[in-house]
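Single-structure report; data block below.
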Amino acid sequence: MSDPAVPSAWIGTSWKMTKTLAQAREYAQALARVSWAEGLQPFVIPPATAISAVADILPPGGPVLVGAQDAHWEDAGAWTGEVSVPQVKDAGARLLEIGHSERRAHFGETDERVNLKVHAALRHGVLPLVCVGEDAEQRAAGSAVELVSSQVRAALDGVASSTQVLLAYEPVWAIGAGGTPAAPEDIVDVVAAIAEVGGPARPVLYGGSVSLDNAAGLISVPGVTGLFVGRSAWEVEGFTALAEIVAQRST
Ligand code: PEP
């Protein structure tokens with residue numbers, strides 16, 4: 001029998017670098033009015049400026065998890081411009097996104113730093129959400145499975161196999177406005193590899209140009225237990241519609 005405290009499906013969004021405080025509050029208030037399907041765990045990841053405002057409306061322990069888009073691996077210190085895990089936790093975050101491809105591409109996020117951040121999150125009881133994925137060139141070269149498996153291995157180095165960590169497969173070629181949406185058959189092998197390397201305690205989410213048109217197919221891929229969404233969930237109606245699709249397919 002499954003444990004009712006362990007979610008059977010996940011739906012989440014990162015707002016990236018969008019939304020004013022007023023927009024963030026309006027979205028959070030709409031989420032606070034939703035009756036979520038049993039077993040479905042929704043999460044929302046505002047920019048750092050809005051974590052506290054969103055968590056006031058969606059407090060820790062409630063049905064919607066609030067996250068942070070990044071945090072430093074040190075707890076405090078002379079790191080101008082950075083925020084730490086204790087700080088985002090203090091603001092109300094209970095989930096930490098780590099290793100998004102935009103951070104890997106533009107901000108020097110290495111596998112080693114991803115691993116340090118996973119340990120920092122776990123030290124403070126914050127759930128890590130590790131993003132992995134190959135770029136178009138790596139896919140064309142046939143090295144997607146190998147590359148993504150090594151990203152997962154590096155992220156989880158030194159983490160006990162029973163410790164829950166969320167893994168998000170986000171192929172770089174599928175993400176963002178210039179991305180090409182993946183078909184379910186495009187992701188089957190890499191998802192299977194992530195599930196194998198990650199182990200049974202680790203839900204695997206899929207992200208990259210998820211929309212109302214392709215969500216049902218993507219959530220039906222064996223091993224995918226949630227969707228992680230950018231643009232299609234930046235309006236709350238998109239988020240709730242995608243949540244319903246995930247709930248119907250997997251709870
Ligand atoms: C992302 O960047 O993690 C993402 C999933 O974005 P989008 O859905 O907009 O492709």
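Just so you know, ligand 1 is whichever comes first in the structure, and atom 1 is the first atom listed for that ligand.
Those atoms of ligand 1 with a heavy atom of F228 less than 4.0 angstrom away are 5 (C). Atoms of ligand 1 found under 4.0 Å from any heavy atom of G208, numbered from 1 in the order shown, are 5 (C), 10 (O). Those atoms of ligand 1 with a heavy atom of G176 less than 4.0 angstrom away are 7 (P), 10 (O). Counting atoms of ligand 1 from 1 in the listed order, those under 4.0 Å from a heavy atom of I175 are 1 (C), 2 (O), 10 (O). Distances below 4.0 Å separate heavy atoms of R231 from the following atoms of ligand 1: 7 (P), 8 (O), 9 (O), 10 (O). Near K16, meaning under 4.0 Å from any of its heavy atoms, are these atoms of ligand 1: 1 (C), 2 (O), 6 (O).
Contact of the H100 side chain with the I175 side chain is registered, since non-hydrogen atoms from C-beta on lie closer than 4.5 Å. By the 4.5 Å heavy-atom criterion applied to side chains, Y169 and F228 are not counted as neighbours. Looking at W36 and V64, their side chains come closer than 4.5 Å, going by heavy atoms from C-beta outward.
Among E102, E97, E170, the residue whose heavy atom lies nearest to atom 3 (O) of ligand 1 is E170.
At least one N or O atom of G230 sits closer than 3.5 Å to an N or O atom of ligand 1.
The salt bridge (charged side-chain N to carboxylate O under 4.0 Å, His left out) test with D70 singles out one residue from R113, R103, K16, and that residue is R103.
Of all heavy-atom pairs between L218 and A182, the closest is CD2-O, 3.8 Å.
D75 is linked by a side chain to side chain donor-acceptor pair (under 3.5 Å) to R123, H124, counting only residues two or more places apart in sequence or in another chain.
Residue contacts with ligand 1 leave out G179, since none of its heavy atoms falls under 4.0 Å from the ligand.
Residues E137 and W173 have side chains that never bring a donor and an acceptor to within less than 3.5 angstrom of each other.
Looking from atom 1 (C) of ligand 1 to the surrounding protein, the closest heavy atom is H100 NE2, 3.2 Å.
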